[in-house]
2 protein chains.
Amino acid sequence: MRNIAIRVSYDGTDFNGYQIQPRGRTVQGELEKAIKHLTGEEVTLVGSGRTDAGVHAKGQVCNFRTTSAIPVERWAIALNTRLPGDIIILEAWEVPYEFHSSKSAKRKTYRYTIDNGKFPDVFSKRYRFHHPARLDVGAMRSGLSHLIGTHDYTSFTSTHSTKPSHIRTIYDARLIEEGSVLHIELTGNGFLYNMVRVIAGTMMFVGQGKLQPDDIKHILDGGDRSLAGPTAMPHALMLVDVEYDEKSE
Amino acid sequence: MRNIAIRVSYDGTDFNGYQIQPRGRTVQGELEKAIKHLTGEEVTLVGSGRTDAGVHAKGQVCNFRTTSAIPVERWAIALNTRLPGDIIILEAWEVPYEFHSSKSAKRKTYRYTIDNGKFPDVFSKRYRFHHPARLDVGAMRSGLSHLIGTHDYTSFTSTHSTKPSHIRTIYDARLIEEGSVLHIELTGNGFLYNMVRVIAGTMMFVGQGKLQPDDIKHILDGGDRSLAGPTAMPHALMLVDVEYDEKSE
């Protein structure tokens with residue numbers, strides 16, 4: 001039995017999220033179908049995280065166990081010809097038997113993209129939240145800085161979170177300006193349900209002046225979801241990268 | 001009677017081209033409908049050029065005459081709320097009565113984009129031609145240089161061209177590399193039917209080694225469409241900019 005990891009990019013627009021659901025196309029469902037078509041095996045694909053409906057990925061990592069002898073350098077090409085146009089496998093590599101794309105993940109990076117231009121860009125609107133009113137980027141940067149570190153992020157996760165602990169570590173929280181486009185980029189050891197979207201929605205409140213940058217500290221300390229801003233729309237969220245210890249790569 | 005110019009961006013994927021047709025959505029049709037909805041007037045919109053089905057525009061320029069007294073700075077916002085999501089008016093300005101977005105145009109810039117990466121980028125595939133086999137960029141640059149100047153471009157236009165003269169001037173022909181993405185960018189005083197797509201298809205032949213860079217000179221001199229390469233796919237073509245004399249701007 002071999003354990004194969006794949007790095008996958010997808011446009012989440014037409015998916016009902018990563019995880020297999022009773023209804024709708026899912027990323028996991030399409031990938032498992034392609035693997036079955038190629039090998040005849042019914043595998044269970046493990047993803048590093050379950051992106052929501054509408055959320056995109058540049059570098060989602062998944063793994064599955066197989067008895068197939070297909071050489072590792074052939075997997076990406078062979079599966080891509082069996083996948084729909086909105087999913088692409090960028091690479092495949094063999095990992096130790098115990099590798100688990102979610103449990104073994106050390107760092108994840110998500111990006112939330114806001115188009116702060118007067119009019120939306122027609123070519124990128126599927127991937128950006130259009131906010132034509134000018135946002136205070138300096139205030140947003142200052143607000144983001146309070147999120148870095150090890151904290152209980154209860155205020156920044158959905159009340160439907162089922163995790164026993166809401167303590168996570170954010171290593172870096174950046175706001176990158178690219179003309180009138182703003183990217184909020186977060187790197188952490190893990191993210192709770194809706195966490196990046198609640199952070200993005202709260203940062204837009206900061207950018208609008210509805211919250212002050214220092215309020216972020218009090219919101220964190222309060223441990224209450226109702227203190228933070230709204231959950232931002234999913235279509236502007238991208239899972240950028242998942243990192244592992246070197247031996248798994 | 002006022003003459004209003006608009007700068008328009010559109011995603012050509014779901015349009016049957018710029019010009020009104022008996023069948024299918026067209027850019028001109030959607031814009032005229034929005035103008036009628038706003039002003040009650042049936043105007044005839046003049047475009048700087050008729051982009052084909054599937055071709056995109058970052059900066060198409062159009063003009064129309066109107067008796068409406070709407071201030072010029074309100075037109076873009078008022079029309080955008082009446083337009084579908086794949087067309088955006090970026091700006092509107094008043095031009096002299098005799099201004100004609102096609103006849104008054106001095107320079108146009110088109111870009112043809114080739115994704116030369118192993119796998120296509122899922123987020124940009126609607127706007128790029130995927131060519132996974134490595135292209136010889138140096139040869140393509142060298143081939144392009146022969147196209148600069150004033151020439152008869154009969155070899156590089158569709159045999160269905162109805163223009164009385166095929167003499168045009170290309171001021172600049174660049175190949176821009178952006179990682180594994182190649183942009184062929186042409187600036188000229190005007191382009192014939194399918195001209196940029198035939199040039200792009202021919203440059204891919206040069207990049208594949210099927211033609212030598214110096215063959216381009218002989219193809220130009222031959223004045224015969226069958227000497228050049230294939231007409232490249234429309235979805236990777238973008239009308240980037242149209243320039244006018246300063247007094248029209």
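This one's a predicted model, so the numbers in the text were calculated from it and none came from an experiment. Below, chain A is the first sequence line, B the second, and so on; all start at residue 1.
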Handout entry: For chain B, the option from A:Ala57, A:Ser124, A:Gly117 that forms the most heavy-atom pairs under 4.5 Å
Key = A:Ala57

Exercise for the section: Please say which of A:Asp52, A:Ile87, A:Thr51, A:Val55 ends up in a side chain to side chain contact (heavy atoms under 4.5 Å, CB included) with A:Phe15. Expected result: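 The option that passes is A:Ile87.
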
Exercise for the section: Among B:Asn16, B:Asp86, B:Asp14, find the one that has a side-chain hydrogen bond (donor to acceptor under 3.5 Å, both in side chains) with B:Arg25. Expected result: B:Asp86

Side chain, backbone, both or neither: which part of [X] has an atom under 4.5 Å from a heavy atom of chain B?
| X | result |
| --- | --- |
| A:Ile89 | backbone |
| A:Phe123 | both |
| A:Asn80 | side chain |

Practice task
Answer yes if the side chains of B:Thr187 and B:Arg174 hold a donor-acceptor pair under 3.5 Å, and no otherwise.
Solution key: yes

Handout entry: Interchain contact, B:Ile77 with chain A, by part (heavy-atom threshold 4.5 Å)
Key = both

Problem - Working for ring-ring contact (aromatic ring centres under 6.0 Å, His included), residues B:Tyr127 and B:His56 - result: CA-CA 8 Å; B:Tyr127 315 117; B:His56 318 285; 4.9 Å; yes

Handout entry: Check: B:Tyr112 side chain, B:Leu186 main-chain N or O, donor-acceptor pair, under 3.5 Å
Key = no

